[in-house]
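Below is one structure; the comments refer to it alone.
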Amino acid sequence: MLTLSELHEEINRCTRCDLAKYRTKAVPGEGSENAEVMFIGEAPGWHEDQQGRPFVGPAGQFLEQLLTSISFQRGQVYITNVIKSRPPGNRDPLPGEVLACRYWLERQIELIHPRMIVTLGRYAMAMFFPGKSISKIHGTTQKRDGIIYYAMYHPAAALHQQSLRRTIEEDMLKIPSLLTEAKSIIEADTQPKQLNMFEV
Ligand code: SF4
């Protein structure tokens, strides 16, 4: 199996979809190979495309504040997006682009094998909670194969809609206890299983 940095290098060279033509830099992801919590957002924006790093713009600053609120440091989690190359003009990703880039997200989850996956926004949510509405399921979990999947609004939502800020902050505060729960699930589950990460 590849190391995380080898996987990032492959993503940096990826031409699996047309977004490769428009990006400045691919944005594979960032954080610990041993992360217990993986955050998955939507797609790189302008700042991320310039730097090749996820969540470095205003939404990233809010995500760092949220991590600090639960005494987590950015380097101890893993942060990535559903789409690794910026869609032109920050348009919504196309279904074919999501499908093409899902290959990399699967490799990242297999390699890091987090105990908890936190989806940020509706695109990541749709991969793990298909057919659901973010307004109904944010702050709730699903448990599959020893991983807890947890849905949250995207931090950028708080920048556009101030009323969501408190909701996002409250949902973030639940993560430490959910992580403790996730660890106990893994310890109780002595039978290794084939990962079935995606519902769709
Ligand atoms: S968006 Fe994903 S699949 Fe498309 S070129 Fe970028 S890394 Fe490759």
Side-chain angles (χ1 to χ4, degrees), residues 1-35 37-64 74-75 77-114 116-132 134 144 147 149-157 159-160 195-200:
M1 187 182 268
L2 297 176
T3 65
L4 189 57
S5 57
E6 288 169 341
L7 182 60
H8 287 178
E9 281 308 308
E10 290 210 3
I11 296 171
N12 286 332
R13 292 191 296 268
C14 175
T15 55
R16 291 173 64 90
C17 81
D18 281 350
L19 292 179
K21 295 179 194 166
Y22 307 108
R23 70 184 175 216
T24 308
K25 291 183 177 177
V27 183
E30 193 171 85
S32 169
E33 190 160 346
N34 301 312
V37 185
M38 177 185 281
F39 290 88
I40 305 174
E42 179 179 325
W46 185 86
H47 295 279
E48 290 77 16
D49 176 70
Q50 294 293 308
Q51 296 185 38
R53 298 180 58 211
F55 283 89
V56 290
Q61 288 166 14
F62 183 40
L63 178 60
E64 289 196 22
R74 187 177 166 120
V77 301
Y78 188 78
I79 302 171
T80 189
N81 286 301
V82 169
I83 292 281
K84 318 298 192 200
S85 305
R86 181 190 181 215
N90 290 348
R91 66 158 168 74
D92 287 345
L94 302 174
E97 294 161 355
V98 173
L99 191 61
C101 215
R102 175 172 156 160
Y103 173 83
W104 295 120
L105 189 57
E106 289 177 357
R107 302 290 83 72
Q108 289 171 315
I109 295 171
E110 282 172 357
L111 201 155
I112 295 167
H113 209 316
M116 187 169 178
I117 290 178
V118 181
T119 63
L120 301 173
R122 59 196 170 98
Y123 281 92
M125 178 201 70
M127 286 188 145
F128 303 100
F129 303 82
K132 305 290 187 194
I134 188 85
R144 287 195 300 279
I147 297 177
Y149 298 84
Y150 184 57
M152 287 182 58
Y153 282 101
H154 196 285
L159 307 178
H160 305 305
L195 271 180
N196 180 24
M197 299 172 286
F198 296 98
E199 285 286 297
V200 292

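Remember, it's 1-based here, ligands and their atoms both numbered in the order they're listed.
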For Ala20 against Thr15, the heavy-atom pair lying closest together: CB-CA, 3.9 Å
Residue selection (non-hydrogen contact nearest atom 7 (S) of ligand 1) among Arg16, Lys84, Glu97, Arg102: Lys84
Considering only protein heavy atoms, which is closest to atom 4 (Fe) of ligand 1, and at what distance to one decimal place? Cys17 SG, 2.3 Å
Under 3.5 Å, is there a donor-acceptor pair between the Glu30 and Tyr78 side chains? no
Using a strict 4.0 Å cut-off to heavy atoms of Cys101, name the atoms of ligand 1 that fall inside it. 1 (S), 2 (Fe), 3 (S), 7 (S)
Heavy-atom pair with the smallest gap, counting every atom of Ile79 and Arg74: CD1-CG, 3.8 Å
Would you call Glu97 and Arg91 a salt bridge, using N to O less than 4.0 angstrom? yes
If the cut-off is 4.0 Å to any non-hydrogen atom of Ala20, which atoms of ligand 1 fall inside it? 5 (S)
For Cys14, the ligand 1 atoms with a heavy-atom partner under 4.0 Å come out as 3 (S), 5 (S), 7 (S), 8 (Fe)
Nearest non-hydrogen protein atom to atom 6 (Fe) of ligand 1, with distance, is Ser85 OG, 2.2 Å
Would you kindly specify which portion of Arg23 sits under 4.0 Å from ligand 1, judged on non-hydrogen atoms: side chain, backbone, both or neither? side chain
Is the side chain of Asn81 donor-acceptor paired with the backbone N or O of Glu42 at a distance under 3.5 Å, no angle test? yes
Test of ring centre spacing under 6.0 Å for Phe62 and His154: no
